[in-house]
Protein chains: 4
Amino acid sequence: MRVKDETKRLAIVENTLDIVFEKGIAGIKMSVLAKRVGISPSTLYVYFKTKEDLIHSIATSLLKQMSKNQESALASESTFELKFRAKWINLLNFLLNHEKEVNFIDQWKQSPYFDKKSSKVWEYNKKVKNELFNEGREKEVLKDVNDFIIYAVMSGTAKQIIGLVKQGDLSLDKNSIDLYFSLVWDALKR
Amino acid sequence: MRVKDETKRLAIVENTLDIVFEKGIAGIKMSVLAKRVGISPSTLYVYFKTKEDLIHSIATSLLKQMSKNQESALASESTFELKFRAKWINLLNFLLNHEKEVNFIDQWKQSPYFDKKSSKVWEYNKKVKNELFNEGREKEVLKDVNDFIIYAVMSGTAKQIIGLVKQGDLSLDKNSIDLYFSLVWDALKR
Amino acid sequence: MRVKDETKRLAIVENTLDIVFEKGIAGIKMSVLAKRVGISPSTLYVYFKTKEDLIHSIATSLLKQMSKNQESALASESTFELKFRAKWINLLNFLLNHEKEVNFIDQWKQSPYFDKKSSKVWEYNKKVKNELFNEGREKEVLKDVNDFIIYAVMSGTAKQIIGLVKQGDLSLDKNSIDLYFSLVWDALKR
Amino acid sequence: MRVKDETKRLAIVENTLDIVFEKGIAGIKMSVLAKRVGISPSTLYVYFKTKEDLIHSIATSLLKQMSKNQESALASESTFELKFRAKWINLLNFLLNHEKEVNFIDQWKQSPYFDKKSSKVWEYNKKVKNELFNEGREKEVLKDVNDFIIYAVMSGTAKQIIGLVKQGDLSLDKNSIDLYFSLVWDALKR
DNA sequence: CATGAATGAGCCTTCATTCAT
DNA sequence: TATGAATGAAGGCTCATTCAT
């Protein structure tokens, strides 16, 4: 595969994310997508077998990226709270900087394109464990609740905050972030 | 003269919610919807002018319902914490018992059917104020943070929990609920 | 049949003519017609068996009226030219005052509603003879050309004039009419 | 890449004219048209954006053609009468040989497809002036009447004659044409 | 007779995909 | 590989007509 082609593939993916962000997953039209990318509709089929394949490919690849991000080293902070904080802020930033990717996955999970085959990929994603939570519970600084709950508080809060930031109802300056995290921490710390 | 059956309108709405829940908003096909309701496709157009009108009508009506639910009196609990708890559990129950309705609104907001006109309805919904939060801050039992943050923690956590419950990863027995709320309360109490 | 009903029938016919005049014969929609008349669509079917029947009935009845008008006594003018003039002006007036009726017939003749059955009615209409033309030729004041030609010049010119009058390009005052007729007369007089 | 076939566009137009001639403008059904042309219904939309566009395009193009025909040089006949005769016979021939085109325009002007936008095109058509008429009046061989009247007599008579010829009531041999023109000339000559 | 709800037939149009170059 | 023309399948919607009161 030549370099030129890989660029084109990326452009297709990028534009798909944009379209989904603007119009929803139901708004993906092959001809419109092609026009945005600047190629012919039939050329799309050189890179992706069908529309379903396009969507499925993007979703799978995004899920891998996201897992990778989550697993990414958590800096070498001194205290647990600082490590946990880094983790949460990492999540917050991810949601902020990858809104299109996150949005794509959210919509995909509820679309007709998400079927049995897809769900396997999704299940896999769910299994990614979190060493950090174990550490916190063992050191008795985190409440003794299961991973799901911890993650629910972390991500639920983060998602809502980002949503409100996007709507212009909240800001994300240093102080605000400190405040937001303090709430999450108060919820989970022992 | 045959008389217009209000039951029929309700059946149409109900089946639309079901379809969106099962297949996503892109899965609404007028002919399929009609078959599920047990009427002719053209009869749909007696009750709703177009497909767009159908979706917009449902969304508008659901938003009204939701606002009403949120405003509903919160019992006469003795302490503030109990009142707040009642409010949060009300939210939790709403998300649990109206998953289809909530799902419809979530999908609608990101679909091509959500346009400028629709967003006005949505903006209205956002303005619903919360007396309870004021009371909590004045009595100095809630942290002195703005409504958006409080709501972010409340609803973000609740949404995630319900999602995990639906996936079978969390349970909703009395003890669990107590636990979940304690986290929320720890996050927000002063 | 009661009087009330006959009024309604007339109203239906009248409104049909209006619609055809405004939107063309393809613009007849039973529901719209009903609304204009101020009755229910189904009531239309009390007076006319089908849409086709409605159109056919109107056409037939109009053709009868028109024949009658043509046959109508031509006053007792002294000279042949005056008689002929009266006849032509009668035609001119008819076209002017019955534009909707004439328009309906014109459109009907080219529509899918004009089929074999209908054409019989039309043929009949064509056969209406014109005693006047015979008289003119016998008295050797009209050129010795057949009825069709005479009628072609008379009606062709009249139709065009009325068309131009309707568009505001010609006027119909006494002097103008005299002028217009003088052309027709010059064409046909011996 | 398959290449766009201009023949196809012409075939579509041709068949549309035929259909309108046979069934009226209301008889245009995209599926039937496609079948007659020998293509798929969706292929029609490669050449014309919508049905309305198809009709409007044809009308506009025909009006241009017609204007052009009218403007076409009128041979270099010696006398004015011969020039005028050539002009009229040109008109007669046009009506005879382009009955479908003329019929299309006639029906279009009274159909729901003829709206404000269209009427502009039509107005333009009306403005085409006639040098010939000026010449005739100046040379004092034509009566001193305005263009509209002259045109009314010319075209009104021609239209009726062609109509009768089509119905088999008149013939168009050399002698007949001479006769018909003599009437027109008698009407207009000084 | 009068009505408005209900419907089936059919039309216009879109769109993912394939064809032919 | 790249393309734009071509298409079949399907979807939204209209409208004349009938039903049931």
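We name chains A, B, ... by the order of the sequence lines, and we start the count at 1 in each one. Basis for what follows: all heavy atoms, side chains included, without hydrogens, waters or symmetry-related copies.
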For D/Ile25 and E/dC12, give me the distance from atom CD1 to atom C1', rounded to whole Å.
16 Å

Quick one: on DNA chain F, does D/Ile39 or B/Thr50 contact a more 5' nucleotide (nearest heavy atom)?
D/Ile39

Rounded to whole angstroms, how far apart are CD on A/Glu52 and P on E/dC15?
18 Å

Stepwise side-chain contact (heavy atoms from CB on, under 4.5 Å) check, D/Val102 with D/Met66
CA-CA 9 Å; D/Val102 172; D/Met66 289 178 178; 4.1 Å; yes

Contacts of D/Lys100 that satisfy side chain to side chain contact (heavy atoms under 4.5 Å, CB included) - sequence neighbours left out:
D/Leu17, D/Asp18, D/Phe21

Which atom pair, heavy atoms only, marks the closest approach of A/Ile39 to A/Lys8?
CG2-CD, 4.0 Å

When rounded to whole Å, the OH to P distance for the pair B/Tyr113 and F/dG12 reads 7 Å

Taking atom P of F/dA2 as reference, at what distance in whole Å does atom CZ of A/Arg9 sit?
12 Å

Taking atom C1' of E/dT18 as reference, at what distance in whole Å does atom CG of A/Asp53 sit?
16 Å

In this structure, how many angstroms lie between the C1' atom of F/dG8 and the CG atom of D/Leu44, rounded?
14 Å

If you take all heavy atoms of D/Ile19 and D/Gly27, which pair is closest and at what distance?
CG2-O, 3.5 Å

Quick one: stems involving DNA chain E, counted as three or more successive Watson-Crick or G-U pairs, both distances short of 3.5 Å.
E:2-21 with F:2-21

Could you tell me whether the phosphate oxygens of F/dA2, OP1 or OP2, come under 4.0 Å of any side-chain nitrogen or oxygen in A/Lys8?
yes

Which heavy-atom pair separates D/Ile105 from D/Ala59 by the least distance, and what is that distance?
CD1-O, 3.8 Å

Under 4.0 Å between a side-chain N/O of A/Ser40 and OP1 or OP2 of F/dA2, yes or no?
no

Please determine if D/Arg36 and D/Glu22 form a salt bridge, counting it only when a charged side-chain N lies under 4.0 Å from a carboxylate O.
yes

Let's see if you can work this out: which of F/dG12, F/dA5, E/dA6 has an atom nearest to the side-chain heavy atoms of B/Tyr45?
F/dG12

When all nucleic acid strands are considered with a 4.0 Å heavy-atom cut-off, which category describes B/Tyr47: base, sugar-phosphate, or nothing?
sugar-phosphate

Are there more than 12 heavy atoms of other residues, nucleotides or ligands under 6.0 Å from atom NZ of A/Lys166?
yes

If I take atom CZ in residue C/Phe48 and atom P in nucleotide F/dA16, what distance separates them, rounded to the nearest angstrom?
15 Å

Short heteroatom pairs, N/O only, protein and nucleotides 9-11 of chain E, under 3.5 Å:
none

Using whole Å, report how far CD1 of A/Ile12 lies from C1' of F/dT1.
13 Å

Looking only at non-hydrogen atoms, find the nearest pair between B/Ala26 and A/Ala26 and report the distance.
CB-CB, 3.4 Å

For the residue pair C/Gln110 / C/Asp106, report whether a side-chain donor-acceptor contact shorter than 3.5 Å exists.
no

